Amino acid sequence: MEKPKMALYWCASCGGCEEAVVDLAEKILDVINLVDIVFWPVAVDFKIDDVEKLPDGSIVASLINGGVRLSEHEHVVKLLRRKSKIVVAYGACSSWGGIPGLANLYDKEEILKYVYGDAPSVDNPGGVRPREKHVEEVELELPSFLPRLLPLDVVIDVDYYIPGCPPTPEVTWKALEILLSGNLPPKGSVLGASDRALCYECPLNNTKPDKILLKDIKRPHQVIVDPEKCLLTQELICLGPVTRGGCGALCIKAAMPCTGCFGSLDEVIDYGGKAVSYFASILDYYTEEDVERILDRLPDPMGVFYRYTLPASRLRGKIKTTMR
Amino acid sequence: MKYPPNFLVIKVMCSGRVDPQFILEAFRRGADGVMVAGCHPGDCHYIEGNYKTLRRMTLLKRMLREFGIEEERFRLEWISASEAEKFVRVANEMYEKIKALGPLRIEEV
Ligand code: SF4
Ligand code: SF4
Ligand code: FES
């Protein structure tokens, strides 16, 4: 019998999600035994042409990581959507934009100006910028840079999500088992992770008091962490209470607070908004001046509370207005 | 005395019920401004609901700035149930300021 076909693709991502698949270690051999990989630019030499030749709907599942930032991403994900029965957003960037999505706080021109000019490490006296067309003997084309980064489900219909930055091998494996079992959960489900907040699976949860009020906000480099005590009680911003579990509290076990890479729980419509709701409410201050003063200890709230989810937030980033 | 007719009032049990997500959703759905009003500090029926509101909204304000939403479009006020006059005054004041700014038309994607 022919093996089911699977495709993997990367958009705007760091490569960590590709690494995460390879991190399945010897289990990757089981995957290869079970499926036929028909497209995986990072590892297998198939071209976009090869995908185009496949009949529509002939790929059982496409796992796509990274947010959509280039016209090429948009083109390939639309193609994969057409060719696949199931499309899975793999990892934080594909699901909600991820860290590259923080660039949505700036417009296209600001980003290009910085990256090709103002960044301290750039030496570009001619002010060269990438061009979409270049003619010199032959005509060359580069994909265009879209106005903002979009989560996959804004561009195409997405069936399932696998969270994490990157998803752990355990989560990836569990998700693959579900996908290959044929026993599929309802569309839109998050695969391989938990339905409860990270705190429930955190080994430090039993040291967390019922009520916490914080006098200070600290960053990890400012404290010597007691690895036996809930990090929140040590005045570190741990987002465990509002983050989906499933990672096994990896960061906490390494004495680092959770930064939220498994995203929000069901019912939450804006991860950052929810995180603000939770975190601000436990600051032990009662007047506007005092609250402002303690918040000065938090220089980058967008980067803290929307680290992985800005493009999936209600406003998607710095707003563009049609009239001003 | 009247508050502006396009000032939509949504009643909740306590200002502490107002999740910052609601405010972001309101802007997304086309609100030109959002005002959160609660009982004066010390007067919350649920004891500390409005202190939580104060902390949440103070942080949210800083973030709205980074989202590109002008300061005048968001306001936190303490108005007790007996202060109808203050409510009307504040609502009208906010209305005037937003009118001067014009509507907030957020481009989809
Ligand atoms: S707040 Fe963080 S450290 Fe504390 S129990 Fe939750 S996940 Fe663990
Ligand atoms: S502890 Fe938080 S940031 Fe770390 S892997 Fe788990 S979900 Fe991601
Ligand atoms: S009852 Fe809590 S603010 Fe009014």
Side-chain angles (χ1 to χ4, degrees), chain A residues 68 102 104-107 146-151 154-155 213-214 264 267-296 298-306 310-311 313-324, chain B residues 14-32 34 36 38 40-44 46-70 72-78 98 100-109:
Chain A
V68 177
L102 284 169
N104 280 3
L105 288 174
Y106 307 91
D107 66 28
L146 303 177
R148 38 174 49 183
L149 186 142
L150 298 172
V154 177
V155 181
L213 282 169
L214 302 183
S264 62
E267 317 291 326
V268 170
I269 57 168
D270 188 296
Y271 179 93
K274 189 81 231 169
V276 165
S277 181
Y278 132 71
F279 186 74
S281 72
I282 59 171
L283 295 171
D284 197 11
Y285 292 96
Y286 301 81
T287 65
E288 199 180 330
E289 300 92 82
D290 286 351
V291 174
E292 292 282 8
R293 197 155 25 79
I294 186 67
L295 290 179
D296 285 341
L298 182 73
D300 179 23
M302 298 299 271
V304 170
F305 299 115
Y306 283 110
L310 186 65
S313 68
R314 294 292 87 198
L315 301 173
R316 302 205 186 286
K318 188 158 189 150
I319 57 163
K320 293 187 201 309
T321 51
T322 42
M323 207 188 83
R324 184 52 64 81
Chain B
C14 167
S15 70
R17 178 66 186 90
V18 184
D19 189 311
Q21 293 184 97
F22 301 169
I23 294 152
L24 296 162
E25 176 72 2
F27 282 121
R28 162 79 169 261
R29 293 212 199 169
D32 294 318
V34 180
V36 177
H40 289 270
D43 279 353
C44 171
Y46 302 93
I47 318 294
E48 37 187 305
N50 52 6
Y51 291 121
K52 291 182 180 171
T53 309
L54 168 71
R55 300 164 192 153
R56 287 175 180 142
M57 301 311 155
T58 310
L59 176 52
L60 182 70
K61 246 187 230 173
R62 293 182 174 215
M63 294 167 77
L64 287 177
R65 211 179 297 154
E66 298 203 47
F67 274 119
I69 293 189
E70 296 99 336
E72 293 85 346
R73 297 192 188 273
F74 179 70
R75 193 158 171 164
L76 171 65
E77 286 291 340
W78 307 130
I98 291 173
L101 282 176
L104 182 71
R105 291 216 182 89
I106 301 175
E107 253 177 49
E108 251 311 293
V109 211

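From a predicted model like this one, the values you see are computed outputs, not experimental measurements. By convention in this document, chain letters (A, B, ...) are assigned in the order of the sequence lines, proteins followed by strands, and residues within each chain are numbered from 1.
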Indicate the atoms forming the closest heavy-atom contact of [X] with [Y], along with that distance.
| X | Y | value |
| --- | --- | --- |
| A:A280 | B:L59 | CB-CD2, 4.0 Å |
| A:V276 | B:P20 | CG1-CG, 4.0 Å |
| B:G68 | A:K318 | CA-CE, 4.2 Å |
| B:F67 | A:S313 | CE2-OG, 4.0 Å |
| A:R314 | B:R28 | O-NH1, 2.6 Å |

Given a strict heavy-atom distance threshold of 4.5 Å, which part of [X] is in contact with chain B: side chain, backbone, both, or neither?
| X | value |
| --- | --- |
| A:L283 | both |
| A:Y285 | backbone |
| A:L146 | neither |

Looking only at heavy atoms and a cut-off of under 4.5 Å, which of [options] has the most pairs with chain B?
| options | value |
| --- | --- |
| A:P301, A:S277, A:P311, A:G273 | A:S277 |
| A:L298, A:I269, A:L295 | A:L295 |
| A:L310, A:D296, A:T287 | A:D296 |

Gap between atom [atom2] of [Y] and atom [atom1] of [X] - 0.5 Å precision:
| X | Y | atom1 | atom2 | result |
| --- | --- | --- | --- | --- |
| B:I69 | A:I319 | CD1 | CD1 | 4.5 Å |
| A:E288 | B:K61 | CD | NZ | 5.0 Å |
| B:E66 | A:D300 | CD | CG | 6.5 Å |
| A:K274 | B:D19 | NZ | CG | 4.0 Å |

- Under a 4.5 Å heavy-atom cutoff, which of B:T53, B:L24, B:L76, B:N50 has the most pairs with chain A? B:L24

- Item | A:Y278, OH atom: more than 12 neighbouring heavy atoms under 6.0 Å | yes

- Under 3.5 Å: donor-acceptor pair, side chain of B:Q21, backbone of A:D270: yes

- From the list A:I294, A:D290, A:V291, side chain to side chain contact (heavy atoms under 4.5 Å, CB included) with B:T58 holds only for A:V291

- What residues, two or more places apart in sequence or in another chain, satisfy side chain to side chain contact (heavy atoms under 4.5 Å, CB included) together with B:K52? A:S281, B:E48, B:R55, B:R56

- For A:E292, enumerate each residue passing the side-chain hydrogen bond (donor to acceptor under 3.5 Å, both in side chains) test, keeping only those at least two apart in sequence or located in another chain. B:R62

